[in-house]
Every structure is written in structure tokens, then in C-alpha cells.
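As C-alpha cells, the structure follows; a few thoughts come after it.
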Amino acid sequence: MYQIKATEGMAKRACFETPHGVIETPVFMNVGTVAAIKGAVSTLDLKEIGCQVELSNTYHLHVRPGDTVIKSLGGLHRFMVWDRPILTDSGGFQVFSLSSLRKIKEEGVHFQSHVDGRKIFMGPEESMQIQSNLASTIAMAFDECPSSKADRSYVQNSVDRTTRWLKRCKAEMDRLNALPDTINKEQMLFGINQGAVYDDIRIEHAKAITELDLDGYAIGGLAVGETHAEMYRVLESVVPYLPKEKPTYLMGVGTPANILEGVERGVDFFDCVYPTRNGRHAHLYTAHGKINLFNAKYEQDMRPIEEGCNCPTCRTYSRAYIRHLLKAKEMLGMRLCVLHNLYFYNRMMEEIRGAIEEHRFAAYKAEKLYQMEQGAD
RNA sequence: GUGGGUAUGGCGCAGUUGGCUAGCGCGCCAGAUUGUGGCUCUGGAGGCCGUGGGUUCGAGUCCCACUAUCCACC
């Protein structure tokens, strides 16, 4: 059940009810691919920094420890001790990101495991079965994410196949949810729109997938090499063709600025590896832009990462100390940085929700972008 | 004390029978990174080749002395 509480232009402030609790949108989902937020961050930490939804990956968990193992242990929620919503990505993106290790066919994709090299086959049915075993709150459809450089005919063929795959996903999900030994019989399914930067292909695809009446719709295949202008244009073209009574999810995006632009164009869900990956590599987000703690100028800087930030890291430690930890490759350094970055993202989403509720999102966005462009010291 | 080895950017090393603006790894400095392979990639700074002399058109490369350091022996 998706309920809109306020709107401002295309921007929406809504509540999305799930079997694992309500998701307040717009929301940023914290990425924990292998059922772990990289950087020694626990699910207890996630609660402290305001995470609503955790995101894990079908392909990675299938390879290790195995979805049947997780099912026998009671599902992903119990396994990682997280009682809030979990969204599992379908493995479709790995068709793109592990492109040197796979072959795409009509029935599905043959992978070579990145861990031990063994052969793995994943098609729509397999992806749904794995996600059902993981018992995540929201399962993503198994799709192909074509390269932003792919030519028109390749993209058209790929998108047509993704539509056929989606129908198989839906049928398999319905079948699995009806089985007696399925852990989460209310598992939801989101479809994924593709079409690279070809607006007309995107729109036709959006029309085709919305006929299936799924629980939500994602826009995939963006932020994979195209320009920001192209990404925003595609959003403006496609979002109007997605149902307004369902959540819209922009996959893999993005920077704080990307998120503000996405919210303005009607997106409810976001996820991105930036706060975690950049945190591990000393890139920290602040209201005044990104800082690189590896820079020598922070060697004796006793200020917190961000003045006024209420995250566990900024309440306690200095830039100088964290820089030292990172330089010494101490795990604590990564952990403190990832905590700060995730807190930053989650807090920004909270501010965005408040701004839309009070119909001042446009002003909030302009102010936020202006501040970030000023640069931090 | 004797014999032998080694001295090249912060550290560890390459530098062919002497020949163009002396390289490499790590580190350092800076930048990239968008449904995560704890990565990866891209730039940059930094060396009068231990010191002094010699041979030569030309020496990091050859010769002599000195200094430092390592190993073995007394």
C-alpha cells in the first residue's frame, strides 16, 4: 500500500507499507551487497544512523553463502538480524558489471562465478527462486542493463527480452508466494524499465511493464556512463508513464545532487554505493561538498568531518585522527567514515521529506545545491 | 686489523660489452569511481647516481683514493 501524503510539482512525499514496516519516501536504501554494509558496519549501527531499508544482492548471496543456506536459517532478516525492509537486487546488474564473465541467452544468463570460477546459470525463474529463499521484502525483476554506449538495435532487442523476462518473473513469483514452505508469502516484486538513453524505447517499455500491475517500478540502466543531462532528460520522459499510485525507484543513483534532481522528477527510492565506497576511500560528504581526508591539509585538523553533524563519528572523532586511521589502514577508519556518509545520506532524505511536506522542496534543493557547490575546507 | 661485498629520489631495487631528457615497485601528493570483486584507474612531485680525483669525444657504468655500511675471519 503506497500512500502519498504531499506533493510539490513531480516530487512526492509518501508512505509505502510492507510486511516489514512502513518505508517513508523519498528514501535512500543503504547498500549491503553480501548482507553486510562494507566497512564493518552492523545492522545495529544501521538503526542508529537512521537507515530504513537495507539492500542486498541476489547473485552475490547465491554464490556465497548460498540462498538455500539462508533459507534454512530462516531467511535474510533473521540471518543478518534486521527487522526492517530489505530489497534484493535481482542479479541483473551483474549481467552488466560482470560482463566479461557471462553469456546472455533467451532463457537467462550463464555466469562464471567471480569467487571460484564455477558455472552459474541465472534466468528469471532462478532469480525469483533465490530471492524467495532469501525472503527479502522487495524482490527486483531479473533484467539486462545494456551499456549506455550500446546501439539502438541492441538496446531494442535487449529491452524486448527484459519484458519477456519480466512476465516470467511475475509468474514465478506468484507461484512461489503460493507455496506452503515459502518464508515470505507477501514478497513484493518491482519491475525495471530499460532503454538506455533512447526516450521512445524507454516510454514503450514503461507502457509494457506497467500492464503487469507490479508493486513498484524501477528505472535501471542510468548512471552507467551517460551524462547527467541525459539521465535527467530520461527521467522527465519516463516517470510520467509509470503509475503514480506505485513507488518509483531510480537504481544505483547517486550523488546528493543526483538525488535532489531525482526527487524533483518524481523518484521515491534511491540506492548507491557512493556513501559506502567513498567512505572506505576517505571521500566524505558534508553540507559544503565532498572532502578527501587523504589530503595532507587534514593531517592536524582537529575539527569533526562536518561541523554540527550529529553522527556517531562527528560527535566523537577528529579529521586528523580518522585520517591517521585510514592511512594506517585501520578498519576503524573505514567504519567511522562509512557511518558518517550513510548518516549524511539518511539525514538528507529526512530533510527532503520534511521539505516536501511543507511545500518548500524547491527552495531546499536550491539552497542545498548552492551550499554543496561552495566547497568544503 | 685482514679479506670480500654494497653505496642510484623517503624505503627497496633495475640500469645490458661506457652512448640520447637515469628507470621500476612501494610510499608521498592530487583526481576519478553511481542496482560494490575491500578494488581499480589517471595524473603529479621528488635523484647534480656516497665524496674527491683520473681515463675518455662521452662515466651511474672503467681506474685510484677516501668515507659509510654489511658479511666472513683473526
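Labels below follow one simple rule: chain letters A, B, ... track the order of the sequence lines, proteins then strands, and each chain is numbered from 1. Just so it is clear, the structure is predicted and the values come from calculations on it, not from any experiment.
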How is the hydrophobic cluster of [X] composed, in terms of its other members, when Ile, Leu, Val, Met, Phe, Trp and Tyr link through side-chain heavy atoms under 4.5 Å apart, directly or indirectly?
X      : result
A:V224 : A:F93, A:F96
A:V22  : none
A:M1   : none
A:F121 : none

How would you label the contact of [X] with the nucleic acid (heavy atoms, under 4.0 Å): base, sugar-phosphate, or nothing?
X      : answer
A:L250 : nothing
A:G32  : nothing
A:D143 : base
A:E226 : nothing
A:L98  : base
A:G221 : base

B:rU33 phosphate, OP1 or OP2, under 4.0 Å from A:H281 side-chain N/O: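 No, A:H281 has no side-chain N/O under 4.0 Å of OP1/OP2 on B:rU33.
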Short side-chain N/O contact from A:N57 to OP1 or OP2 of B:rU36, under 4.0 Å: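 Checking B:rU36 against A:N57, a side-chain N or O does come within under 4.0 Å of OP1 or OP2.
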Pairing residues for A:D151 by the salt bridge (charged side-chain N to carboxylate O under 4.0 Å, His left out) criterion, not counting sequence neighbours: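 With neighbours one apart ignored, the set is empty.
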A:T25 (side chain) donor-acceptor with A:R13 (main chain) under 3.5 angstrom: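 Not confirmed, A:T25 side chain does not pair with A:R13 backbone.
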A:H110 side-chain N/O to A:I104 backbone N/O, donor-acceptor pair under 3.5 Å: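 Judged by distance alone, no pair lies under 3.5 Å.
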Distance in angstrom units between A:D116 CG and B:rG37 P, rounded: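 These atoms are roughly 16 Å apart.
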Rounded interatomic separation in angstrom, taking CG from A:L55 and P from B:rG35: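 Spelled out: CG on A:L55 to P on B:rG35 is 10 Å.
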Considering only atom [atom1], compute the distance from [N] to [M] and round it to an integer number of Å.
N      : M      : atom1 : result
B:rU33 : B:rU40 : C1'   : 9 Å
B:rC62 : B:rU2  : C1'   : 26 Å
B:rC57 : B:rC70 : P     : 41 Å
B:rC24 : B:rC49 : C1'   : 15 Å
B:rU61 : B:rU69 : P     : 23 Å
B:rU8  : B:rA22 : C1'   : 9 Å
B:rU51 : B:rG25 : C1'   : 29 Å
B:rC48 : B:rU55 : P     : 26 Å

Looking at the base of [N], is there any donor atom on it, or on the side chain of [X], that sits under 3.5 Å from an acceptor on the other one?
X      : N      : result
A:R280 : B:rU36 : yes
A:H283 : B:rU33 : yes
A:E144 : B:rG35 : no

Check nucleotides 27-29 of chain B for protein N or O atoms closer than 3.5 Å to its own N or O atoms and list the pairs.
{"unit_1": "B:rC28", "atom_1": "OP1", "unit_2": "A:K327", "atom_2": "NZ", "d": "3.3"}
{"unit_1": "B:rC29", "atom_1": "OP1", "unit_2": "A:R323", "atom_2": "NH2", "d": "2.8"}
{"unit_1": "B:rC29", "atom_1": "OP2", "unit_2": "A:K327", "atom_2": "NZ", "d": "2.5"}

Stems formed with participation of RNA chain B [Watson-Crick or G-U wobble, under 3.5 Å, three or more pairs]: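 RNA chain B stems, ordered by first number: B:1-7 with B:67-73, B:10-13 with B:23-26, B:28-32 with B:40-44, B:50-54 with B:62-66.
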Can you give the donor-acceptor pairs under 3.5 Å from side chains of residues 245-254 of chain A to other protein atoms, not counting sequence neighbours?
{"unit_1": "A:K246", "atom_1": "NZ", "unit_2": "A:D213", "atom_2": "OD1", "d": "2.7"}
{"unit_1": "A:K246", "atom_1": "NZ", "unit_2": "A:L214", "atom_2": "O", "d": "2.7"}
{"unit_1": "A:Y249", "atom_1": "OH", "unit_2": "A:D271", "atom_2": "OD1", "d": "2.6"}

Set of ring-ring contact (aromatic ring centres under 6.0 Å, His included) partners for A:Y198, sequence neighbours left out: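 So A:Y198 forms no ring-ring contact (aromatic ring centres under 6.0 Å, His included) with any residue.
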Partners meeting side chain to side chain donor-acceptor pair (under 3.5 Å) with A:N310 (sequence neighbours left out):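 For A:N310, no residue satisfies side chain to side chain donor-acceptor pair (under 3.5 Å) once neighbours in sequence are set aside.
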All side chain to side chain donor-acceptor pair (under 3.5 Å) counterparts of A:Q112, not counting sequence neighbours: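 Testing A:Q112 for side chain to side chain donor-acceptor pair (under 3.5 Å), a comparison that skips the adjacent residues, returns none.
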A:N57 and A:T33: side chain donor to acceptor below 3.5 Å: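 Judged by distance alone, the side chains do not pair up.
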Nucleic acid contacts - residues 120-131 of chain A versus RNA chain B, non-hydrogen atoms under 4.0 Å: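 When residues 120-131 of chain A is checked for heavy atoms under 4.0 Å from RNA chain B, there are no hits whatsoever.
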Side-chain heavy atoms of A:W165 within contact of A:D160, under 4.5 Å: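 With C-beta onward as the side chain, the pair stays apart.
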